[in-house]
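These notes are about the structure you will find just below.
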Amino acid sequence: MRETVGAKSFKVIVLALLTVFTVVPLYVMITTAIKPLGDVQNDFTWIPSRITFQPFIDMWSTVPLGRYFINSLVVCTVATVFSLIIATFAAYAVSRWNFKGKTAFTTTVLSTQMFPGVLFLLPLFLIFTNLGNSLGIQLVGSWLGLIITYLTFTLPFSIWMLAGYFETIPRELDEAAMVDGSGPMGALFRIILPSARPGLVAVGIYSFMTAWGEVLFASVMTNGLGSTLAVGLQQYSTQTNVYWNQIMAASLVVSIPVVIAFLVVQRQFVAGLTAGAVK
């Protein structure tokens, strides 16, 4: 069935609009990052009158951006690793065994994604504060509290997506592994995980990107030099000035790791996300 001229024109218009909405903000960000601060604070111009890369140098000294970068890298990496480990075992149990309360568990896990994250801010803060007072474990204002917080957001979707991906792997492979003498854990590590690499990549990228760009909980659970990048970027705005060119330059720089990681594993990410989502 051939497409009509009207249908083709509609697709072209939609794609053009999407391109504009994507490219224009990126263009403004790049041009702002290479403008002197005085030009940024004046009337907006689409084409920079002067080009300077000084904001990319000054942004490291205006705020301790390098420290915030390391903080985010450590927190997001640890949260991603634990999310993958916990989600793998939980999803394996859900996909391979029938147990009492399985339907209730999977429904509860998925239903948590319907609530906005801000609803959990006060309960988590109170829980962490009470734990700190009773057990002496410092969770508020520490990396540990932030990592646990990110796990509460990434784990439900990670378990659901991995369980769906494990369901696509034939159970006959498990049985063949057990015939060869492997137990359930042996089948998981020798058969399931190598076959589920795209799903694991998708979950890992999802967990990392969720933690990397989060602002609300990071601003509450961390402080001072322990803050993450999302919070540290706010320090370019002072009571007397806003360094817009440095903010844009820093935003471009901190986006590079996520962009590179996504481009490297793009095919596996799409394959894992699609396979897990259709179950």
Side-chain angles (χ1 to χ4, degrees), residues 22 25-26 29-30 33 56 59-60 62-88 112-113 115-118 120-121 124-125 128 139-162 198-237 246-270 272-273 276-277:
T22 303
L26 183 60
M29 180 183 294
I30 295 174
F56 288 91
M59 68 180 186
W60 300 99
T62 303
V63 302
L65 187 65
R67 177 64 179 270
Y68 297 146
F69 189 92
I70 294 175
N71 294 346
S72 287
L73 193 61
V74 171
V75 170
C76 296
T77 301
V78 173
T80 299
V81 170
F82 276 96
S83 180
L84 276 172
I85 294 174
I86 298 173
T88 296
T112 58
Q113 301 298 296
F115 300 97
V118 68
F120 301 100
L121 179 60
L124 282 174
F125 182 82
F128 289 170
L139 294 177
V140 177
S142 68
W143 287 356
L144 179 59
L146 191 58
I147 290 171
I148 295 174
T149 301
Y150 288 158
L151 285 176
T152 63
F153 294 115
T154 58
L155 272 177
F157 184 77
S158 299
I159 294 173
W160 174 73
M161 187 162 62
L162 269 183
L200 295 172
V201 170
V203 169
I205 293 180
Y206 162 77
S207 301
F208 189 88
M209 293 181 66
T210 299
W212 187 263
E214 201 280 324
V215 178
L216 179 61
F217 287 86
S219 62
V220 175
M221 299 298 177
T222 60
N223 52 59
L225 292 177
S227 300
T228 59
L229 275 172
V231 179
L233 290 177
Q234 300 176 10
Q235 297 185 13
Y236 286 105
S237 176
Q246 294 185 38
I247 293 177
M248 296 297 102
S251 299
L252 289 171
V253 171
V254 302
S255 300
I256 291 176
V258 178
V259 173
I260 292 177
F262 181 80
L263 292 176
V264 170
V265 295
Q266 180 182 8
R267 291 184 179 180
Q268 290 183 318
F269 175 75
V270 174
L273 189 63

### Separation between CZ of F56 and CE of M248, rounded to the nearest 0.5 Å
10.5 Å
### Message
Check whether S219 reaches the backbone of L216 with its side chain - one donor and one acceptor, N or O, closer than 3.5 Å.
### Response
yes
### Message
Can you tell me how far apart CZ (F208) and OG1 (T154) are? Round to the nearest 0.5 Å.
### Response
12.5 Å
### Query
Would you say F125 has more than 12 foreign heavy atoms packed within less than 6.0 Å of its CZ?
no
### Message
Whether the side chain of S72 engages the backbone of L229 through a donor-acceptor N/O pair (distance < 3.5 Å, no angle test) should be reported.
### Response
yes
### Query
Is there a side-chain contact between T149 and F120, using heavy atoms and a 4.5 Å cut-off?
no
### Message
Could you check whether any side-chain heavy atom of T210 comes within less than 4.5 Å of a side-chain heavy atom of Y150, counting everything from C-beta outward?
### Response
no
### Task
Any chance you could lay out the side chain to side chain contact (heavy atoms under 4.5 Å, CB included) test for L26 and I30, step after step, and finish with the verdict?
CA-CA 6 Å; L26 183 60; I30 295 174; 4.1 Å; yes
### Query
Which pair of non-hydrogen atoms, one from A87 and one from L155, has the smallest distance, and what is that distance?
N-CD2, 3.9 Å
### Task
Dump the intermediate steps for side chain to side chain contact (heavy atoms under 4.5 Å, CB included) on T152 and F217, then the final yes or no.
CA-CA 12 Å; T152 63; F217 287 86; over 6 Å; no
### Query
In Å and rounded to the nearest 0.5 Å, what is the CG to CD1 distance from L162 to I159?
8.5 Å
#### Entry: For I148, side-chain contact (heavy atoms from CB on, under 4.5 Å) partners two or more places apart
F128, L139, L144
### Summary
Looking only at heavy atoms, the pair that brings L84 and V203 closest together is CD2-CG1, 3.7 Å
### Message
Measuring from atom CD1 of I247 to atom CD of Q235, what distance do you get when rounded to the nearest 0.5 angstrom?
### Response
11.0 Å
### Task
Specify the closest pair of heavy atoms between Q246 and M59, including all atoms of both residues, with the distance to one decimal.
OE1-CA, 3.3 Å
### Message
Determine whether the aromatic ring centres of residues F69 and W212 are separated by less than 6.0 angstrom.
### Response
yes
### Task
In sequence, state the C-alpha distance, the side-chain angles, and the governing distance for L124 and M221, and then conclude on side chain to side chain contact (heavy atoms under 4.5 Å, CB included).
CA-CA 10 Å; L124 282 174; M221 299 298 177; 4.3 Å; yes
### Message
If I compare all heavy atoms of L65 with all of A250, which pair ends up nearest, and what's the gap?
### Response
CD2-CB, 4.0 Å
### Query
Could you state the interatomic distance from OH (Y68) to CG (L233), rounded to the nearest 0.5 Å?
9.5 Å
### Message
Give me the atom names and distance for the closest heavy-atom approach of M29 to S251.
### Response
SD-CB, 4.4 Å
### Message
Return the CG to OG distance between L151 and S83, rounded to the nearest 0.5 Å.
### Response
6.0 Å
